[in-house]
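What follows is a short report on a single structure.
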There are 2 protein chains.
Amino acid sequence: MATRRDPGTANRVLDVAERLVQVRGYNAFSYADVAAAVGVQKASLHHHFPGKADLGAALVARYHRAFFDELHAMTAKTRAPAARLKRYVAVYGSVLRRNRMCLCGMLASDVATLPKAMREGLQRFFAENEIWLRGVLEEGRERGELRFDGPAAPVASFIVSSLEGAMLVARGSGKLDRFDRVAERLLDVIGARRRS
Amino acid sequence: MATRRDPGTANRVLDVAERLVQVRGYNAFSYADVAAAVGVQKASLHHHFPGKADLGAALVARYHRAFFDELHAMTAKTRAPAARLKRYVAVYGSVLRRNRMCLCGMLASDVATLPKAMREGLQRFFAENEIWLRGVLEEGRERGELRFDGPAAPVASFIVSSLEGAMLVARGSGKLDRFDRVAERLLDVIGARRRS
DNA sequence: GTCTATAGGTGGATAGAC
DNA sequence: GTCTATCCACCTATAGAC
């Protein structure tokens with residue numbers, strides 16, 4: 001374990017910065033905010049992440065990894081495509097319940113001001129989401145669990161858009177429970193929810 | 001017309017600031033940016049809008065008015081609820097085609113950093129959107145033009161969420177045409193689009 | 001790896017002349 | 001209503017000691 005990197009400060013910096021971005025946005029958090037919350041000086045942050053762009057890119061990369069690790073772990077335990085979809089929706093809901101926006105949804109709003117590496121990270125995140133969803137949708141339709149017309153790809157785009165938008169508007173309108181009603185309706189539309 | 005206010009600088013300031021917020025976000029534009037684009041000094045802006053919070057609140061109020069003026073004008077000319085829905089979706093599309101996010105969708109992402117007056121303006125905007133949509137949805141279902149289960153209110157929430165999210169993700173993923181496919185799917189779901 | 005100190009720039013905002 | 005001049009707080013970033 002000689003080559004193991006310090007799991008200490010760098011990770012704590014990422015934890016704090018991630019929360020700040022998800023709550024306030026990329027252009028509304030500073031090294032000073034992060035340093036204060038972590039309990040170090042601003043200069044120490046620059047040792048781990050030379051510039052804000054580096055920190056931002058690391059945030060996107062880590063979020064991407066964590067998101068799909070969770071997704072793939074869930075997929076391994078959950079057979080039925082309809083159940084997978086419900087759990088996928090629940091992942092977004094659990095982020096919102098902590099008063100946060102999806103990291104990449106938040107950064108999507110800041111896209112015009114982001115360094116290139118972060119923009120590319122965003123594109124990969126959304127693209128990979130839709131690939132995963134396409135698989136679930138196609139399998140679900142074959143099994144007769146889900147129903148939708150035409151190719152699965154645009155339906156996957158539709159699901160990502162609706163969930164990101166539901167988080168965005170729930171936070172913006174000050175009514176977090178709005179998300180649950182929208183998510184329910186979304187699952188209904190794909191046929192993933194039994195009629196009550 | 002003696003009491004008519006100057007339609008000059010103040011409106012040009014609002015035009016420029018609106019564009020900057022829609023493209024970059026509330027925390028990524030400055031009085032310096034606006035002043036440079038309008039062709040005046042920063043101090044002049046403070047004469048019309050004492051602080052950034054005042055400018056922001058004026059932006060939300062003006063956007064709200066303009067949005068619903070357009071909506072009500074359209075409603076007066078368009079009888080069929082299904083056609084109204086299509087035009088409603090097209091309004092969002094026309095904003096995106098100018099490489100902008102919906103002003104209130106953009107501000108929704110910045111909600112944690114906004115002054116109270118702006119937050120309240122956002123809530124009113126989304127609430128009124130859903131009231132308008134509810135009317136269209138209920139009339140459309142009565143006429144047999146639209147189809148959906150249960151009360152219209154959650155469907156209205158669903159539509160707003162999907163459209164805001166479609167704009168957000170289209171910009172964030174760098175594929176603006178994504179919006180059109182999502183919008184099409186959305187109209188399909190409500191039954192507003194004939195099968196091709 | 002963390003600190004102090006500081007640089008150089010930009011943020012929103014004000015005073016007061018014209 | 002617009003200008004010049006200025007304030008001070010905060011921003012990202014760097015140098016160099018420990």
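Just so we're on the same page: letters track the sequence lines, and every chain starts at 1.
- Where B:Ala43 and A:Ala53 meet DNA chain D, the nucleotide closest to each residue was compared, and B:Ala43 sits on the side nearer the 5' end.
- Counting to the nearest Å, the P atom of C:dG11 and the CG atom of B:Asp33 are 6 Å from each other.
- Regarding contacts with the backbone of C:dG11, a side-chain N or O of B:Ser30 is found under 4.0 angstrom from either OP1 or OP2.
- One finds a salt bridge joining A:Arg62 and A:Asp15 here, because a Lys/Arg side-chain nitrogen approaches an Asp/Glu carboxylate oxygen to under 4.0 Å.
- Inspection of the B:Ser30 and B:Asp33 side chains reveals an N or O donor paired with an N or O acceptor under 3.5 Å.
- Across D:dC3, D:dG1, C:dG1, the shortest atom-to-atom separation from the side chain of A:His48 is found for C:dG1.
- For A:Lys52, the listed nucleotide lying nearest its side chain is D:dA13; candidates were D:dA13, C:dG11, C:dG12.
- For C:dT2, neither phosphate oxygen OP1 nor OP2 lies less than 4.0 angstrom from any side-chain nitrogen or oxygen of A:His47.
- A salt bridge links A:Glu139 to A:Arg143: at least one charged side-chain nitrogen sits closer than 4.0 Å to a carboxylate oxygen.
- Look at B:His46 and you won't find any side-chain N or O under 4.0 angstrom from OP1 or OP2 of D:dG1.
- With distances taken from any side-chain atom of B:Ser44 to the nucleotides C:dT14, D:dT12, D:dT2, the minimum falls on D:dT2.
- Side-chain polar atoms of A:Tyr88 and A:Asn129 form a donor-acceptor pair below 3.5 angstrom.
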